[in-house]
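First comes the structure, then the notes that go with it.
Just so it is clear: chains get the letters A, B, ... in the order the sequence lines come, proteins before strands, and each one is counted from 1.
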There are 4 protein chains.
Amino acid sequence: MVVSGMQSPNGSPSRRQRLVDAAHDVFSESGYDGATVAAITARANIATGSFYRYFPSKQACFLDLLDTLYGELMRAVLAARAVATDGEAKLLASVEAAVASFLAQGPLARLVAGSRHGPEPAVRARVEAVANEMARLLAKDFAELTDGQRSPTEAHAAGQFLVGGLEKLLDSALTQDPLPSPGALLPVVRQLTVGMVVGLRDVR
Amino acid sequence: MVVSGMQSPNGSPSRRQRLVDAAHDVFSESGYDGATVAAITARANIATGSFYRYFPSKQACFLDLLDTLYGELMRAVLAARAVATDGEAKLLASVEAAVASFLAQGPLARLVAGSRHGPEPAVRARVEAVANEMARLLAKDFAELTDGQRSPTEAHAAGQFLVGGLEKLLDSALTQDPLPSPGALLPVVRQLTVGMVVGLRDVR
Amino acid sequence: MVVSGMQSPNGSPSRRQRLVDAAHDVFSESGYDGATVAAITARANIATGSFYRYFPSKQACFLDLLDTLYGELMRAVLAARAVATDGEAKLLASVEAAVASFLAQGPLARLVAGSRHGPEPAVRARVEAVANEMARLLAKDFAELTDGQRSPTEAHAAGQFLVGGLEKLLDSALTQDPLPSPGALLPVVRQLTVGMVVGLRDVR
Amino acid sequence: MVVSGMQSPNGSPSRRQRLVDAAHDVFSESGYDGATVAAITARANIATGSFYRYFPSKQACFLDLLDTLYGELMRAVLAARAVATDGEAKLLASVEAAVASFLAQGPLARLVAGSRHGPEPAVRARVEAVANEMARLLAKDFAELTDGQRSPTEAHAAGQFLVGGLEKLLDSALTQDPLPSPGALLPVVRQLTVGMVVGLRDVR
DNA sequence: TATGAATGAGAATTCATTCAT
DNA sequence: AATGAATGAATTCTCATTCAT
């Protein structure tokens, strides 16, 4: 279980935090639909009804979760990009930061991937937004590092492709127990990213 | 709506085909859980109960759909690979065939991706199997074309990465209306694939 | 399977008869509710819809069955009683005829017993009527053979008791495979019946 | 309606008890299949879903009911038998206790008898077990009181016969409104039981 | 007349959400 | 504020009955 965020003065996680952590776990394990409010509150050792003191609905809880995780992801990525100078460095920095953040956050990838096609339009929209934002960032880098030799469409596709590939890799990695360390995953990811860069630069 | 397969002599699609098409659409739009049998039958203009003359359960219907689509995909991929000589050619042939098959089949990617995290283990297992099979194939190609210079882990990761990237690209493409033609998508895909190849061969 | 009643000129049972036999079997095995029209027609090798050419409804079919079987039972019982002179003889004759008829007819007892509490009032009423008619007959015998020393209430109770005991015995017997012959069952039944008679005559 | 068991402090029956009573009534009136959860909850003035807070399924509810009633029956019977010395006394004590317990419990007999042929094997099995256990007890008494002069088969048949007769008598009695008092039923029952005893002892 | 696919009303069960305590 | 029992709408699946061929 992921325990993070605010705590009560006495050091035990606050009720809200317990709920958030439990929701993260349950959503990750069961997907948006499979997750029940009862399962979440049970995992958090909290009464069912108390869920609604913290979140107006199951959907809102999920969206909250998503926003938090997404926020941390973006913060990490933007921080990493800040010290990079050219497109390729920014790209690599982004990817590495994203992977590290994912692994640190827990099953975000599964959560994200697994909810893209759920029944609730609001959920779908938000999930897509997360991935799109990241893809847009990466597309910018691709455009920059190929020096405009690739059409915007191609750059955009490359961004999406990279996001999709990472999601898959992370989804698969997050299934394993114990979680692979960033150290195990990063070289491969870097490799593949650089590969894409080289390919886009040199081919044709 | 996808209309394909057998038709009544009079040219209108058979009841079963209407059901299959409707199921395809509804599952793609709403995901496995969001799709209701009622929605499927309504879309097919068929009574609720009739669904069960054609499929023993909602799950079986979905699995059927998956198997059909997956079957066509694999058939196309394997046929394309048959005429390729080296690893790179096989890789490109596979990817191109997959893209063409996806686009021809309709929203398979969404269907597949969107069901990987549903609550039903049987569904999850089958969906994973589809993606894994494809990833395994591509990993073999990566291993071959890098002449063993990459560890099996790296080759496997590359296979997964490629599958993930394609899924994402196709997922996004299949959202657009009208559907992009294979001609519009293929060059980018080829580009990205070759990029990965070059990167894996030359880098480090 | 019980095959009885009218046949086609060529010797094979008529469609209707096949249906009746199948209904008898299926109702006996599964009870009124558990029996489905589909199961009956499948067993009779007849199309579902054809059921309704012979019976207006599942309920009517069941009632028909009941009436037929009940008719044969009563015919046998009344015939046996006709040659008996006093109450005790009539009682024994009735009981013996009923047992023989039951065993000859197949699972009537189960059918009757098993439908007394089904959801359909019409069915319940008819089933009760069958048992009540028999109980009434036997009550008359009890009254006669005790020479009026037992109140009508007692005689009636004795009739019911005897019917209930027989039903149970037969229900249990009809569960066995192969069916016990009347020869195996009759002595016990006679014994118990005579016991009741002696008891009612002599006690107190 | 049967109202028994625990009550809220304020004197109105607890929700659970209302449900149990309603289930008892509805099952008795409509049989296992005819009874719907909706009917039960409606009778108990409780929402449909609340049923499942108390019972995991309709079947479990029925089985619970059966076990409770059967438990009380056996308790009463065994208590009555404990003070009896010979076979005949035990037989009579059992029968009297059973009748009293039935009448006190409400429509158990109907419930039991009416479910012997439903489509659910688990239900059938449990119902048979109840009647068989009682029959076995009585068969032992018959064997004892005839001093081994009757074969085990005959004793067993006598036990079944007695159970069947009682079921019928009680079924019929429980249909009447108002319920006959034990005082009205017991003499007849005793009479019939003693009759069976005398018959089995003296005849042939 | 026979067929069996089609129909649709209902049944059991689940679960997000509410609310009395 | 916290609790967890209660609610009832929604969902999957069954099956008696109808009807086009």
Side-chain angles (χ1 to χ4, degrees), chain A residues 15-16 19 32-42 44-62 119-120, chain B residues 8 14-16 18-19 33-42 44-61 119-120, chain C residues 15 19 32-42 44-62 119-120, chain D residues 14-16 18-19 33-42 44-61 119-120:
Chain A
R15 295 176 74 78
R16 184 187 167 98
L19 214 39
Y32 179 76
D33 301 294
T36 67
V37 172
I40 294 171
T41 52
N45 260 319
I46 276 177
T48 324
S50 301
F51 181 91
Y52 292 88
R53 185 156 307 284
Y54 298 103
F55 300 104
S57 69
K58 173 181 161 178
Q59 182 181 118
C61 171
F62 183 81
E120 314 231 11
Chain B
S8 301
S14 71
R15 283 183 98 72
R16 183 185 170 99
R18 273 194 283 151
L19 211 41
D33 301 296
T36 67
V37 172
I40 294 171
T41 52
N45 258 320
I46 274 176
T48 327
S50 299
F51 180 91
Y52 293 89
R53 184 165 304 287
Y54 297 102
F55 300 103
S57 68
K58 174 181 160 180
Q59 184 181 115
C61 171
E120 311 231 13
Chain C
R15 295 176 73 79
L19 214 40
Y32 180 76
D33 300 294
T36 68
V37 172
I40 294 172
T41 52
N45 260 319
I46 276 177
T48 326
S50 301
F51 181 90
Y52 292 88
R53 185 156 307 285
Y54 298 103
F55 300 104
S57 69
K58 173 181 162 180
Q59 182 181 117
C61 171
F62 183 81
E120 315 231 11
Chain D
S14 72
R15 283 182 98 73
R16 183 186 170 98
R18 273 194 283 152
L19 211 42
D33 301 296
T36 67
V37 172
I40 293 172
T41 51
N45 258 319
I46 274 176
T48 327
S50 299
F51 181 91
Y52 292 89
R53 184 164 304 287
Y54 298 103
F55 300 104
S57 69
K58 174 181 158 180
Q59 184 181 115
C61 170
E120 312 232 13

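Here the straight-line distance linking atom CZ of B/Arg18 with atom CD1 of B/Ile40 works out to 14.5 Å at 0.5 Å rounding.
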Using a cut-off of 4.0 Å between protein heavy atoms and nucleotide atoms, how would you tag nucleotides 12-21 of chain E 5' to 3' with B, S and -?
-> SBB-SBB---

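Put simply, CD1 on B/Ile40 is 11 Å from P on F/dC13, counting in whole angstrom units. Atom CZ in A/Arg16 sits about 16 Å away from atom C1' in F/dA2, given to the nearest Å.
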Starting at the 5' end of DNA chain F, what dot-bracket string do you get if Watson-Crick and G-U pairs under 3.5 Å are bracketed, crossing pairs use [ ], other-strand pairs use | and unpaired bases use dots?
-> .||||||||||||||||||||

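At a threshold of 4.0 angstrom between heavy atoms, the contacts of C/Phe55 with the nucleic acid are absent.
The list of side-chain hydrogen bond (donor to acceptor under 3.5 Å, both in side chains) pairs with a residue in residues 46-58 of chain D, not counting sequence neighbours, is empty.
Side-chain contact between A/Thr41 and A/Val37 is present, with at least one heavy-atom pair separated by less than 4.5 Å. Looking only at side-chain heavy atoms (C-beta outward), A/Tyr32 and A/Gln59 come within less than 4.5 Å of each other.
Close to F/dA5, at under 4.0 Å from its OP1 or OP2, lies no side-chain N or O of D/Tyr54.
Taking both residues in full, the closest heavy atoms of D/Cys61 and D/Phe51 are given as CB-CZ, 3.5 Å, listed atom of the first, atom of the second, then distance.
Nearest-nucleotide positions on DNA chain E for C/Ile46 and B/Ala47 put C/Ile46 closer to the 5' end.
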